[in-house]
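If you scroll down you'll find the structure; I have some questions about it.
Keep in mind it's a predicted model, so treat the numbers as computed, not measured. In each ligand, atom 1 is the first atom listed, and ligand 1 is the first ligand listed. For the numbers below, each heavy atom of this structure counts, side chains included, while hydrogens, waters and symmetry mates do not.
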Amino acid sequence: MNLNINIVVLLVVSFTLLTCFVTGTLAQQPVACPGYQVSNLQTTSYGYTADLAMITAGPYGNSVKALTLYVVFHTQQIIQVKIVDAANERWQVPFVNQMGALPTSKPNLIDYTIRFAQTQFGFSITRVSTGEVIFNTSPPSNCSTNGLIFSEYYLEITNQFPQSNPNIYGLGERAAPLRLQNNFTYTIWNRDQATPLNLNVYGSHPFYLNLNPNGDAHGVFLLNSNAMDIVMQPNSLTYKVVGGVFDFYFFMGPSPASVIQQYTQVIGTPYMPSYWSLGWHQCRWGYKSVNESKTVAENYAKYGIPLETMWNDIDYMDVYQDFTLDPVNFAPEDMTSYVGWLHTRNQHYIMIIDPGIHMNDSYEAYGQLLENGAFIQQPNGVAANGVVWPGSTIFPDFFNPNIQDFWYVQLEKFHQTVPFDGVWIDMNEVSNFCSGNCAPVSQSGDQVGSYPNNPPYLPGGLPLDTKTLDMSSIQFGNVSYYNSHNLYGYTEGVVTANSVISLLNQRPTVISRSTFPGTGKHHAHWLGDNQSTYASMALSIPGILNMNMFGIGLVGADICGLQGDTTAQLCARWIQLGNFYPFSRSHNNNDTIPQEPYVFGPEVINITINSINNKYTLLPYYYTLFYLAHAQGDTIVRPLFFEYPADPNTFALDSQFLVGPSLMVSPVLTENATSVDVYFPQDIWYDYFNGSRVDLSQGNSLTLAAPLDVINVHLRGGAILPTQPTADYQVPDGGIPITTNISRTLPFTLIVALNANGSASGELYLDDGITLETYENKKYSLLQFNAGTDGSSTVTIQLTVVNTGFDMSSLIVDKVVVYGVPIIVTTVNVNGTPYTTLTYSSTLQTLTIESLALPLTSSFTIQYSN
Ligand SMILES: *[C@@H]1O[C@H](CO)[C@@H](O)[C@H](O)[C@H]1NC(C)=O
Ligand SMILES: *[C@@H]1O[C@H](CO)[C@@H](O)[C@H](O)[C@H]1NC(C)=O
Ligand SMILES: *[C@@H]1O[C@H](CO)[C@@H](O)[C@H](O)[C@H]1NC(C)=O
Ligand SMILES: *[C@@H]1O[C@H](CO)[C@@H](O)[C@H](O)[C@H]1NC(C)=O
Ligand SMILES: *[C@@H]1O[C@H](CO)[C@@H](O)[C@H](O)[C@H]1NC(C)=O
Ligand SMILES: *[C@@H]1O[C@H](CO)[C@@H](O)[C@H](O)[C@H]1NC(C)=O
Ligand SMILES: *[C@@H]1O[C@H](CO)[C@@H](O)[C@H](O)[C@H]1NC(C)=O
Ligand SMILES: *[C@@H]1O[C@H](CO)[C@@H](O)[C@H](O)[C@H]1NC(C)=O
Ligand SMILES: *[C@@H]1O[C@H](CO)[C@@H](O)[C@H](O)[C@H]1NC(C)=O
Ligand SMILES: *[C@@H]1O[C@H](CO)[C@@H](O)[C@H](O)[C@H]1NC(C)=O
Ligand SMILES: CC(=O)N[C@H]1CO[C@H](CO)[C@@H](O)[C@@H]1O
C-alpha cells in the first residue's frame, strides 16, 4: 500500500497547526535534554528544509547553534534526512553516493511518512502500509536519552525503538554473530586487529537492517566516515559520532532483499567479477621462493586437485618493499617464467601490495612518490609516517588525483616482469605497527593526548591513532585524516582497480582488506586474519553474509584458518564450506604447518577435489547471481531470513546460509561431529546431490548424517539451477586438472526442483567472463528456464532465450534432472519428438533425461507424463 504525495502535503499542513505531534505529551514538557527547536519548515520540490536552533547544548562544548535540515524523497522507498551546520562547511563523505543530483520532483508514490516534533526537535519515519515506526528521534520526556546534539567534535542522535530487542543486523566490520546483541556498543572505526569478537576491525559499514517479526524489514544507512559508537540498548540505538554531519538514508524494503537493493541504489551495486576469480585460490605467507610456489602448483596437478590461482604474500618482495622482488628467492627472470608458466595452464597469479612506501633513498618508488607529491602529510607539509613491514614508511594519498599516475606506473613496471592477473591490497586501514608519526626518522611534532587523536568523546575507548596514522595528518584538498581514515582502503581499492583496468583492459580482480560502503561496486574483500579454529570457521558465515548485505558480493574467509596450526579434519570441513563462499581461497600464516589440501593425505584430497568440482559445477548459478547483484543489488549469499522473513527460527540462524534464493548450505562446524542439526524453513526441500525429498513430517529441525566426506546441501522446490558438471572431466595427457577456462565450455545440466504446484524457474547469464561492462553493453546472453503443468499430468520444461549478446553456439544442455516427480514417467517429448534416453528413480522420485545435446542458442520444450 502506498501513500499519495498529496496526503503528505496534508501532514505538512497539520504540522504548521500543531507544535508537536510525535508524542502528544512532549509539547508540554519543559525543554530539558540537549536539543534543538525547529522553525521555517519549507516544502521543496524534493521534500523539506527547515532551520534548527539550539536550545540546550551538548556535553562536549562548541555546540553548533544553527543547523539546516534537508529531507529528500528520493524514491518510493528511499528517503534521506540530512542535518548540517547552517553556517560552516563540515566534512562530508565524497564519492560514495550514487544517487546523483537532488531530484527535481517527488516520487508519485511513497511508502513512508516523515513527521517532526518542533519544540524538542525530533523526526519520525513511519511505514505507511502498517503504521510501523521505523525511526524516531524524539527523546522520552524524562530525557533518559538526549535529543539531537551537534557540536564540533561530537554528534549524537538516538532512535527510540517501538518494540524492545528488535532484530538488528549489520554495523560492521566485525567478527560477530549474525543477529546483533541488543545491549552492546558497536564501534565503527577501521582498525587492523585480528578479528576479536564483536570489536571494530578493518572496514566501516554504518548500515543496519532491522527485521520486524512480522516479516517487514527496513534499512538505515548513516553516510559518515568519522569514528563512531553505536550504542544498542533494548529500546534504543544511539549514534555517537566524532565528526562530519548526519546524513541518513532510510530504506523501506519491505523484504530484506529489497532493503539491500535499495541500499545499493545509494552506494552502488556489486561489480561483475572476473569469472576466474570464482575459482579455487591457494595462498600462504611462507612460500619462501618462486620454486616453492611453483612446487605447490605442481603438487596440485600431481594430486589431481583443480587450482585456478596461485598467490604470494609479502615473501616475494625485496626487504618487504612494494613493487620489488627478492633478488635471490624470487629472481625477476624466475618470476617472469613462473607466472608465464601458470598462464600457459590457464591459471592466474595474484600478489600482495601494501600501501606503505619504505623511506629508503635507494628505493625507486620512494623517490618517485616524494617527487609526485601525492603522499599523506603532516600539518607542516612533511610526509606523515609509520612503521610497517619494511620499516619506516610514508603513505600514498589516494585522494590526490596525481596518485593514479604514480600507482599505475609502479604496477605497470612491475607487471612487465611479473604479469600478474590481480592485486591483493592489505594493511590499508591504514595499519601501522606503532601509533602516529612513529617512524624512527620522524620529524613529527606529535600532539599526543589531545584532539585530534583523543577527541572529547572517544569511540571504542582507544586513541584514534592507535596502530594507525596520526589524526592530524592531511590528505589532498586539506582533508583531515581524522575525517578520511575510514576511506583509505576504499580509495586505494578504487585507484588500484582503475590501474588494473588501464593495464589489462579487463575486469579488475582486486581483493582489499579495508572496505567502506561502495567498495563492492569496485572490488572484493576477504575477511582478514582469522584463526585455524572451528569457532573462526563458524564466524566466517555471518562474516560473508554481512558483507553481502553491505553490497560486497565477492567475499570469503581464509579457508583452513590463518593463525595457528590447522588440522586435517578442520581443513576438510572448511574446504567443504569454503567452496560455497563466493570467493574461495586457502590462506595460511608464516609460522604454521602447511595446509595445502594434499598434505593431509588421500581422504582430504578426495574431499577437496569433490568440493572444488562442486563449486565449479555451480559456477553458472553463482555467476548468474553476480549478474543479479550487479543489475539490481541482490546478494550472492544470504541469511535464511532473507527468504523466510516471517519465520522467527531464522532470525538468529547463522550456522546455515543460502546461496541465492534456493541453495541451502548446512556445514559441520564442530570437531568430530558426524551429524549436523539442520533447520528447514517450511517449504519443499531436496537433497541437492541426489534429489531425494526431505521428509518434514516429524518437524522442521532434523539431525542429518554428516560423515567427514559429506556437506549437507539442499535445494528448494521451485528452482531451476543451471550447472556445468566437472567431475567427469578427463585431464588430457600432460594436462592439469580442470580450470574455469575449461569448466565454462562444458555441457550444461539443468536441475529442476519442483515446488508444491509442480513448477520451477531459473535463469542463466553468460558472457565472456572478463570483458568490462558486458552487462552495460549488452554483450551477454540471458536464458530463462520454466517448468510447470497446465493442470494436466504433463509437465513442460522450457528454455527461452532472452538476450543473445554473447556467442553461445558451442554450448549445449545435455542433461535435465527433475527432482520431485511422483509419477512413473513413461513418455518424454523433446521439441515434440518422443525421446527415450531417460531414467526414472521411484526411490528418489527423480527423472533424468540424458544425451540431449540441445543448443543454448534456441528455445526448447521438454514434456513428460506418465
Ligand atoms: C524514561 O522514559 C522511558 C520511556 O518512557 C522509560 O523507558 C525509561 O525507563 C525512563 N527512564 C528513567 C530513568 O526514568
Ligand atoms: C546491559 O549491559 C550492562 C553492562 O553489561 C548491564 O549492566 C545491564 O544490566 C544490561 N542491561 C540489560 C537490559 O540487559
Ligand atoms: C630454483 O630451481 C631452479 C631449477 O629448478 C634452480 O636452478 C634454482 O637455483 C632454484 N632457486 C632457488 C632460489 O632455490
Ligand atoms: C633500500 O632499497 C634498496 C633498493 O630496493 C634495497 O636494495 C635496500 O636493501 C633497501 N635498504 C634497506 C635498508 O631496506
Ligand atoms: C586547512 O584546514 C585547517 C583546519 O581544518 C585550516 O585551519 C587551514 O587554514 C586549512 N588550510 C588551507 C590551506 O586551506
Ligand atoms: C616467518 O617464518 C620464518 C620461519 O619459517 C621465520 O624465520 C621468520 O622470522 C618469520 N617472519 C616473520 C616476519 O615473522
Ligand atoms: C578417493 O577417491 C578415489 C576415487 O574416487 C577412491 O578410489 C579412493 O578410495 C578414495 N580414497 C579415500 C581415502 O577416500
Ligand atoms: C575429537 O577427537 C579427538 C581424537 O579422539 C580428541 O582428541 C578431541 O578432543 C576431540 N575433540 C572434541 C571437541 O571432542
Ligand atoms: C540421498 O541423500 C540423502 C542425504 O544424503 C540420503 O539420506 C539418502 O539415503 C540418499 N538416497 C539415496 C537413494 O541414495
Ligand atoms: C581459455 O583460455 C584461452 C587462452 O588464454 C583463451 O583464448 C580462451 O578464450 C579461454 N576460454 C574461455 C572459454 O574463457
Ligand atoms: C573470527 C575469529 O575467529 N577471530 C579470532 C581471530 O584470532 C583471535 C586471536 O588470535 C581471536 O581472539 C578471534 O576470535
Side-chain angles (χ1 to χ4, degrees), residues 274-279 308 316-328 330 332 339-349 356-369 387-393 410 413-414 419 421 439-441 504 506-507 576 610 616 619-620 623 664 666 668 674-676 678 680 685-695 702-707 709-715 724 735-736 738-746 766-771 774 806-811 817 819-820 839-846 848:
S274 53
Y275 198 95
W276 63 264
S277 64
L278 308 181
E308 192 74 17
Y316 75 88
M317 299 178 190
D318 182 27
V319 293
Y320 301 131
Q321 292 178 162
D322 281 344
F323 317 111
T324 69
L325 291 170
D326 178 322
V328 177
F330 292 86
V339 176
W341 173 79
L342 288 172
H343 287 164
T344 62
R345 299 149 70 95
N346 285 317
Q347 292 171 325
H348 300 88
Y349 179 75
I357 299 295
H358 192 199
M359 300 169 78
N360 168 359
D361 291 334
S362 324
Y363 169 43
E364 206 180 345
Y366 177 61
Q368 288 177 354
L369 182 56
V387 172
V388 206
W389 294 113
S392 302
T393 58
Q410 305 307 318
K413 207 164 13 150
F414 189 70
D421 302 290
V441 294
L504 305 179
Q506 288 178 352
R507 289 180 211 164
Q576 289 170 333
N610 290 337
Y616 287 15
L619 282 185
Y623 197 63
M664 183 167 75
S666 308
V668 167
T674 53
S675 65
V676 61
V678 179
F680 291 91
W685 293 97
Y686 303 95
D687 181 272
Y688 164 66
F689 298 104
N690 71 12
S692 68
R693 181 164 167 188
V694 179
D695 177 3
L702 300 181
T703 300
L704 302 180
D709 61 344
V710 169
I711 181 166
N712 279 275
V713 183
H714 293 88
L715 184 56
Q724 280 171 301
I736 60 158
I738 197 160
T739 62
T740 61
N741 182 270
I742 303 289
S743 76
R744 291 170 49 77
T745 66
L746 297 178
L766 294 161
D767 63 17
D768 73 1
I770 196 73
T771 298
T774 47
F806 173 68
D807 177 11
M808 307 179 284
S809 55
S810 60
L811 296 172
V817 186
Y819 293 174
T839 321
Y840 178 76
S841 162
S842 50
T843 334
L844 294 167
Q845 303 204 332
T846 59
T848 305

- Parallel, tilted or perpendicular: ring planes of F680 versus H714, cut at 30 and 60 degrees: perpendicular
- Could you tell me which non-hydrogen atom of S274 sits nearest to which non-hydrogen atom of S277, and how far apart they are? O-OG, 2.6 Å
- Message: Nearest 0.5 angstrom please: D421 CG to Q506 CD, how far?
- Response: 7.5 Å
- Message: Taking side chain to side chain contact (heavy atoms under 4.5 Å, CB included) as the criterion, tell me which of M317, E364, H358 meets it with T324.
- Response: M317
- Query: Just heavy atoms, cut-off under 4.0 Å: does V710 contact ligand 9 by side chain, backbone, both, or neither?
  - Reply: neither
- Message: Is there a side-chain contact between I770 and Y275 in this structure, where contact means two heavy atoms from C-beta onward sitting under 4.5 Å apart?
- Response: no
- Numbering the atoms of ligand 4 from 1, which are under 4.0 Å from a heavy atom of H358? 12 (C), 14 (O)
- Task: Side-chain contact test, heavy atoms from C-beta onward, threshold under 4.5 Å: evaluate it for V387 versus P440 and give yes or no.
- Result: yes
- Message: Just to be sure I read this right, does ligand 4 sit under 4.0 Å from the backbone of T324, its side chain, both, or neither, counting only heavy atoms?
- Response: neither
- Query: Ignoring hydrogens and geometry, is there a side-chain-to-backbone donor-acceptor pair from R693 to Y686 under 3.5 Å?
  - Reply: no
- Item | Atoms in ligand 9 flagged as close to D687, the criterion being non-hydrogen separation under 4.0 Å | 2 (O), 3 (C), 4 (C), 5 (O)
- Item | Within-cut-off N or O pair, T745 and ligand 10, under 3.5 Å | no
- Item | Pairwise side-chain contact, Y363 with F323, heavy-atom cut-off 4.5 Å (strictly under) | yes
- Proximal atoms of ligand 10 relative to N741 (non-hydrogen, under 4.0 Å): 1 (C), 2 (O), 3 (C), 8 (C), 10 (C), 11 (N), 12 (C), 13 (C), 14 (O)
- Query: Protein heavy atom under 4.0 angstrom of atom 7 (O) of ligand 10, is there one?
  - Reply: no
- Query: Can you find an N or O of N712 that's nearer than 3.5 Å to an N or O of ligand 9?
  - Reply: no
- Message: I need the contact type for Q321 against ligand 4. Using non-hydrogen atoms and a strict under-4.0 Å cut-off, is it side chain, backbone, both or neither?
- Response: side chain
- Item | The one among D695, N690, V694 that brings a heavy atom closest to atom 14 (O) of ligand 9 | N690
- Message: Checking a contact table here: which protein heavy atom is nearest atom 12 (C) of ligand 4, and how many Å away?
- Response: N360 ND2, 3.5 Å
- Identity and distance of the protein heavy atom lying nearest atom 9 (O) of ligand 4: V319 CG2, 3.9 Å
- Item | Option whose closest heavy atom lies nearest to atom 13 (C) of ligand 9, chosen from L704, T846, L844 | L844
- With a 4.0 Å cut-off, strictly under, does atom 2 (O) of ligand 10 pick up any protein heavy atom? yes
- Message: Pairing donors with acceptors under 3.5 angstrom, does anything connect the side chains of T739 and N741?
- Response: no
- Task: State, yes or no, whether a side-chain contact exists between L619 and T740 at a heavy-atom distance under 4.5 Å.
- Result: yes
- Task: Starting from atom 4 (C) of ligand 10, find the nearest protein heavy-atom neighbour and note its residue, name and distance.
- Result: N346 OD1, 3.4 Å
